[in-house]
Amino acid sequence: MIYLVSGKARSGKDTFANYLKKDLEDEGKKVCIIHIANSLKDMCFHYFDWDGKEEDKPRELLQTLGTDIIRVKLGKEKFFINRCLEDIEILNNFYDTFIIPDVRLPLEIESIKEAYPDSIVIHIERDIPNNLNDNEKKHITETALDNYNDFDIKIKNTTLEALENNARVIVKENR
């Protein structure tokens, strides 16, 4: 089983993924949290002096390198998706459930669902201002899912307790 978690920056995707992981493990599942952007972050860490700390994340560099250069200029729109799917193929030997908490584009959802049709797509919304600048807010990785309607589950992130409860309910409903 694969859970795809989408939402804008600072919506609670990773926090939700950790709650979901805990609840799935309580049900006896072997769970792996894997990010589509792992290889992109590795590039930034190894070649652009990023220290790897989330609070120092170079969002503009990630957006430029990942979208403007790799997806658009080089025409490799499925580069990160394919890398993630290859990792899942290998890690399937060790885990039975995967959570991908950084789904940002319809193509990511469609490609993963094509490979794993039973995947569950979860969208998290949160009504708080984030610290993105105007260019970052307008970037396709922040806007591509604005009009997407094929989410299996939509969650409104209002409190940590509610987010945790939503994870628990999803696990119980998808046993």
Side-chain angles (χ1 to χ4, degrees), residues 1-27 29 31-38 40-41 53-64 66-68 71 77-78 80-81 84-85 88 97-175:
M1 173 64 72
I2 297 180
Y3 294 88
L4 307 173
V5 183
S6 68
K8 293 192 181 288
R10 311 289 302 154
S11 62
K13 298 180 298 293
D14 284 300
T15 301
F16 176 79
N18 287 319
Y19 290 144
L20 190 60
K21 181 179 190 287
K22 179 197 171 298
D23 290 334
L24 288 163
E25 287 174 341
D26 288 349
E27 295 282 324
K29 300 291 185 188
V31 183
C32 177
I33 294 178
I34 187 168
H35 292 81
I36 291 171
N38 279 350
L40 177 60
K41 289 179 179 181
K53 294 179 183 170
E54 195 67 21
E55 60 272 6
D56 299 329
K57 185 167 45 178
R59 184 172 301 276
E60 190 172 340
L61 174 61
L62 291 166
Q63 290 176 337
T64 299
T67 299
D68 303 341
R71 288 188 184 111
E77 65 179 9
K78 292 178 89 173
F80 300 110
I81 301 164
C84 185
L85 288 171
I88 290 170
T97 304
F98 294 87
I99 303 169
I100 305 173
D102 63 341
V103 177
R104 299 287 192 145
L105 305 168
L107 181 63
E108 294 169 345
I109 295 170
E110 294 159 7
S111 297
I112 295 168
K113 284 195 73 100
E114 182 179 319
Y116 298 94
D118 293 337
S119 298
I120 296 174
V121 184
I122 302 164
H123 185 70
I124 299 177
E125 294 179 356
R126 185 174 182 195
D127 290 333
I128 63 155
N130 56 40
N131 58 349
L132 303 184
N133 66 41
D134 286 341
N135 285 339
E136 293 167 342
K137 287 178 187 176
K138 293 176 186 172
H139 195 269
I140 191 169
T141 57
E142 287 298 319
T143 62
L145 295 175
D146 286 353
N147 296 312
Y148 187 82
N149 294 312
D150 289 334
F151 301 112
D152 297 308
I153 300 167
K154 287 186 178 183
I155 294 173
K156 186 77 164 174
N157 181 359
T158 54
T159 66
L160 290 175
E161 295 80 22
L163 201 60
E164 185 174 21
N165 187 55
N166 278 303
R168 197 171 302 115
V169 168
I170 289 168
V171 169
K172 286 181 182 176
E173 290 178 353
N174 292 285
R175 284 187 177 151

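By convention here, the first residue in the shown sequence is residue 1.
Of the inter-residue distances, the one linking Arg71 atom CZ with Leu40 atom CG reads 8.0 Å to the nearest 0.5 angstrom. A distance of 7.5 Å separates OG1 in Thr15 from CG in Asn157, rounded to the nearest 0.5 Å. Here the CG-CG distance, from Asn174 to Asp118, works out to 10.0 Å after rounding to the nearest 0.5 Å. Atom CD1 of residue Ile170 and atom CG of residue Asn165 lie 10.0 Å apart, to the nearest 0.5 angstrom. For the atom pair CD1 of Ile112 and CG of Leu107, the computed distance is 9.0 Å after rounding to the nearest 0.5 Å. With rounding to the nearest 0.5 Å, the separation of CD1 in Ile33 from CG in Asn18 is 4.5 Å.
Within the 4.5 Å cutoff, the side chain of Asp150 has no heavy atoms near those of the Ile109 side chain. Side-chain contact between Ile100 and Asp102: present, with at least one pair of heavy atoms (C-beta onward) separated by less than 4.5 Å. Residues Lys172 and Arg168 are in side-chain contact: their nearest non-hydrogen atoms beyond the backbone lie under 4.5 Å apart. Contact annotation: the side chain of Ile99 approaches that of Leu24 to within less than 4.5 Å [non-hydrogen atoms, C-beta and beyond]. The shortest distance between side-chain heavy atoms of Tyr19 and Leu160 falls below 4.5 Å. Between Arg104 and Ile36, the closest side-chain pair of non-hydrogen atoms is not below 4.5 Å.
When all heavy atoms of Phe151 and Ser6 are compared, the closest pair comes out as CE2-OG, 3.3 Å. Closest approach of Ile34 to Pro101, counting heavy atoms only: O-CD, 3.3 Å. The minimum heavy-atom distance between Ile124 and Lys13, with the atom names listed, is CD1-CA, 4.0 Å. When all heavy atoms of Asn149 and Asn147 are compared, the closest pair comes out as ND2-O, 3.4 Å. The two residues Lys78 and Ser111 make their nearest non-hydrogen contact at CE-OG, 3.1 Å.
More than 12 non-hydrogen atoms from other residues, nucleotides or ligands lie less than 6.0 angstrom from CD of Glu110.
Asp146 has a carboxylate O that lies under 4.0 Å from a charged side-chain N of Lys8, or vice versa, which qualifies the two as a salt bridge. Of the charged side-chain nitrogens involved, at least one lies within less than 4.0 Å of a carboxylate oxygen, so that Lys113 and Asp152 count as a salt-bridged pair.
With Asn166 contributing its side chain and Ile155 its backbone, the two residues share no donor-acceptor pair below 3.5 Å.
Of the residues Lys21, Met1, Lys22, the one that meets the side-chain contact (heavy atoms from CB on, under 4.5 Å) test with Val31 is Lys21.
A ring-ring contact (aromatic ring centres under 6.0 Å, His included) check over residues 155-175, counting only residues at least two apart or in different chains, returns nothing.
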Stepwise side-chain contact (heavy atoms from CB on, under 4.5 Å) check, Glu77 with Leu105 | CA-CA 10 Å; Glu77 65 179 9; Leu105 305 168; over 6 Å; no

side-chain contact (heavy atoms from CB on, under 4.5 Å) between Val5 and Val103: does it pass, once the steps are laid out?
-> CA-CA 6 Å; Val5 183; Val103 177; 5.9 Å; no

